[in-house]
Amino acid sequence: MAAPPLIILAGPTAVGKTNTALLLARAINAEIINADSVQVYKGLDIGSAKPAEQELALVRHYLLNVCEAHESMDAGIFVKLAGEAIDAITARGKNVLVVGGTGLYIKALLFGLAAVPAINPALRDELRLKLEQQGLASLRDMLAELDPEGAVRIRFNDKQRTMRALEVVLQTGHPLAYFYQSQVKKALYPYLLWGLELPRGELKERIAVRSRQMWQNGLLAEVEGLMAGGLDPKAPALSSLGYRQALAVALGQMNNDEALAQMINRTQAYAKRQVTWFKKMDGIKWVNPEKWEDMVEPSRDFLQTQSRKTIK
RNA sequence: GCCGGGGUAGCUCAGUAGGUAGAGCAACGGACUGAAAAUCCGUGUGUCGACGGUUCAAUUCCGCCCCCCGGCA
């Protein structure tokens, strides 16, 4: 069976993806797959700007709340779950609308990931402990020995990529580059990519307003509740924007004002990184959310053309 | 009014035994292959509070003035 066509709606945080997605989905008979790396977690609702009940009732959503807050989501799991959701939506006779701001997830879905086996969690914990106790330099030494090419390619201070390279070579005996080689780089689905955009100043203002709202709506209480439920403060989910700052307040390391100010700053910087990422994606078409109707006809045309191809 | 402390990058502050200045944060640009809302990388001209004086040369020394923060009145 041929891969079904995907309509993708990307864009920076707070640009208005949720609302625009609902309008577009209804206009093109689509259901929505979430491609946001924080909305996948259960219990992280306020700070992740998860769609509200009423919104979820309008269009069926997939990949929200698919993992526990103490678990660790990753691009590989995302691709697998998204693939299942695409099949389910197609089987229901609906079109697929992928919506989100996580560039890596969208890229991984469209172009696939290198075939690296899943890493044993115990190994990962061991490396994290080593980083904590012996410092990054000791991990770099290990990497230089086991994967010299990777040690050159990965920036010296990049602890996250250093650990990734290490866990792969330790478990599989092959450096990451070995897996990259065998990867076929072409789109796995036909796709139409929309990017939502607003003028920088306007987007920043929306981020500030929304962050204050999240704080007022109980972001701190949400985090305290998660901790009361036994969530480890080191859980990856809590390192995300807003949650990290609320956690610092809960632990008495920061006051409310500092936390909110930092949340706003970091979120604005994040929005910029998102735009940097999406700008270089092939074929992206930028649209102001107010002009969402401009997306409807081209999207329908695209879906129709693709379905004709499939029939032939 | 008097006595201290201070006025240097958007913010917090270093510094220059006189040769026009630099960190952190912010900002701006970029990277990104299973934690990605993560993790990293790059970019520093600013009347050195104002005016005058000394000097080849003053943000730095001297004089005067203005402003901020303490304390005393």
Side-chain angles (χ1 to χ4, degrees), chain A residues 11-14 17 34-41 44 46-50 67 69-82 100-121 123-125 127-128 131 136 139-140 150 153-168 171-172 175-185 200-201 204 207 210-211 214 219 232 234-247 258 261-281:
Chain A
T13 187
K17 290 188 295 293
N34 163 249
D36 178 297
S37 62
V38 182
Q39 291 183 3
V40 294
Y41 289 107
L44 278 71
I46 298 170
S48 71
K50 211 174 275 175
C67 84
H70 63 83
E71 293 175 331
S72 173
M73 185 66 178
D74 66 48
I77 302 170
F78 171 81
V79 169
K80 177 172 168 285
L81 295 177
T102 303
L104 176 62
Y105 284 11
I106 293 173
K107 184 184 172 191
L109 176 63
L110 292 178
F111 298 96
L113 288 164
V116 180
I119 302 299
N120 181 348
L123 172 60
R124 191 168 278 180
D125 291 345
L127 285 172
R128 269 181 224 185
L131 173 68
L136 180 57
L139 294 189
R140 292 296 312 196
R153 178 169 45 85
I154 295 165
R155 298 268 191 185
F156 188 83
N157 288 326
D158 194 336
K159 33 192 182 284
Q160 194 149 301
R161 290 190 177 81
T162 297
M163 287 212 284
R164 172 62 180 161
L166 268 178
E167 68 186 21
V168 170
Q171 176 166 319
T172 70
L176 260 178
Y178 166 86
F179 296 97
Y180 294 163
Q181 275 170 18
S182 51
Q183 188 182 10
V184 185
K185 282 205 169 172
R200 175 76 66 88
K204 281 189 164 189
I207 288 169
R210 193 177 74 166
S211 298
M214 287 173 170
L219 177 56
D232 184 344
K234 285 181 188 158
L238 288 183
S239 68
S240 54
L241 287 165
Y243 289 96
R244 178 179 290 198
Q245 287 78 26
L247 179 66
E258 288 167 339
Q262 189 184 90
M263 174 181 174
I264 292 171
N265 271 330
R266 299 292 303 268
T267 305
Q268 291 171 341
Y270 168 57
K272 203 159 55 181
R273 271 180 273 138
Q274 287 177 296
V275 172
T276 298
W277 180 290
F278 292 126
K279 259 197 310 207
K280 66 169 193 189
M281 287 196 78

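Protein chains get the first letters and strands the later ones, always in sequence-line order, with residue 1 at the start of each.
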**Prompt:** Is the aromatic ring centre of Y180(A) closer than 5.5 Å to the centre of the six-membered base ring of rU33(B), with the two planes inclined by less than 30°?
**Reply:** yes
**Asked** Contact class for K272(A) (heavy atom, under 4.0 Å): base, sugar-phosphate, or nothing?
**Response** base
**Message:** Regarding M73(A), tell me which of base, sugar-phosphate or nothing describes its non-hydrogen contacts under 4.0 Å with the strands shown.
**Reply:** sugar-phosphate
**Fill in**
What residues 74-82 of chain A contributes to the RNA chain B interface at heavy-atom separation below 4.0 Å is D74(A), A75(A), G76(A)
**Asked** With sugar-phosphate meaning primed atoms plus P, OP1 and OP2, does Y105(A) contact a base, only sugar-phosphate, or nothing at under 4.0 Å between heavy atoms?
**Response** sugar-phosphate
**Asked** Counting side-chain heavy atoms from CB outward, which of rC41(B), rA37(B), rA38(B) is closest to T102(A)?
**Response** rA37(B)
**Prompt:** R244(A) has a side chain; which of rC41(B), rA35(B), rA38(B) sits nearest to it?
**Reply:** rA38(B)
**Message:** Closest approach to the side chain of R273(A), judged atom by atom: which nucleotide of rA26(B), rA36(B), rU39(B) is it?
**Reply:** rU39(B)
**Prompt:** When we call it a touch if two heavy atoms are under 4.0 Å apart, what does R124(A) touch: a base, just sugar-phosphate, or nothing?
**Reply:** sugar-phosphate
**Request:** Could you work out the separation of rU45(B) and rG34(B) based on their C1' atoms and round it to a whole Å?
**Result:** 46 Å
**Item:** Interatomic distance at C1', rG4(B) relative to rG44(B), whole Å
**Value:** 34 Å
**Request:** Using the P atom on both, measure rG1(B) against rG24(B) and round to a whole Å.
**Result:** 42 Å
**Message:** Can you identify which nucleotide, out of rG34(B), rC41(B), rA26(B), has its nearest atom closest to the L113(A) side chain?
**Reply:** rG34(B)
**Message:** With a 3.5 Å distance limit and no angle check, can you tell me whether Q171(A) reaches the backbone of V168(A) through a side-chain donor-acceptor pair?
**Reply:** no
**Item:** CA sep, side-chain torsions, deciding dist, call: Q274(A), K279(A), side chain to side chain contact (heavy atoms under 4.5 Å, CB included)
**Value:** CA-CA 8 Å; Q274(A) 287 177 296; K279(A) 259 197 310 207; over 6 Å; no
**Prompt:** Contact class for K280(A) (heavy atom, under 4.0 Å): base, sugar-phosphate, or nothing?
**Reply:** base
**Message:** So M263(A) and M214(A), do their side chains get closer than 4.5 Å, heavy atoms only?
**Reply:** yes
**Item:** Spacing of L44(A) atom CG and L238(A) atom CG [to the nearest 0.5 Å]
**Value:** 6.5 Å
**Complete:** When rounded to whole Å, the CD to C1' distance for the pair E167(A) and rA35(B) reads 9 Å
**Request:** Working to the nearest 0.5 Å, report the span between OG1 of T267(A) and NZ of K204(A).
**Result:** 12.0 Å
**Message:** Return the CZ to CZ distance between F278(A) and R273(A), rounded to the nearest 0.5 Å.
**Reply:** 12.5 Å
**Request:** May I ask you to say what G47(A) touches in the nucleic acid, namely base, sugar-phosphate or nothing, with a heavy-atom cut-off under 4.0 Å?
**Result:** base
**Prompt:** Using a 3.5 Å cut-off on both pairing distances, which stems of three or more Watson-Crick or G-U pairs include RNA chain B?
**Reply:** B:1-7 with B:66-72, B:10-13 with B:22-25, B:27-31 with B:39-43, B:51-53 with B:61-63
**Asked** Between rA17(B) and rU54(B), how far is it from one P atom to the other, in whole Å?
**Response** 24 Å
**Prompt:** So which nucleotide from rA27(B), rA35(B), rA37(B) ends up closest to the side chain of D36(A)?
**Reply:** rA37(B)
**Request:** Determine, for D158(A) against R155(A), whether the closest basic-nitrogen to carboxylate-oxygen distance falls under 4.0 angstrom.
**Result:** no
**Request:** Sticking with atom C1', work out how far rA14(B) lies from rC25(B), rounded to a whole angstrom.
**Result:** 15 Å
**Nearest-Å distance once atom C1' is located in both rG22(B) and rU8(B)** = 10 Å
**Anti versus syn assignment for rG34(B), with syn defined as within 90° of 0** = syn
**Message:** Apply side chain to side chain contact (heavy atoms under 4.5 Å, CB included) to residues T172(A) and Y178(A) and explain how you reach the verdict.
**Reply:** CA-CA 10 Å; T172(A) 70; Y178(A) 166 86; over 6 Å; no
**Request:** Rounded to whole angstrom, note down the P distance from rG10(B) over to rG49(B).
**Result:** 13 Å
**Asked** Taking atom types as they are modelled, is there a donor-acceptor pair under 3.5 Å from the base of rA38(B) to the side chain of R161(A)?
**Response** yes
**Student check: side-chain heavy atoms of V38(A) and D36(A) closer than 4.5 Å** = yes
**Message:** Taking the cut-offs as 6.0 angstrom to the six-membered ring centre and 45 degrees off its axis, would you call K280(A) and W277(A) a cation-pi pair?
**Reply:** yes
**Request:** Check the side chains of R210(A) and T13(A) for a donor-acceptor pair under 3.5 angstrom, ignoring hydrogens and angles.
**Result:** yes
**Item:** Residue whose closest nucleotide on RNA chain B lies nearer the 5' end, G242(A) versus K204(A)
**Value:** K204(A)
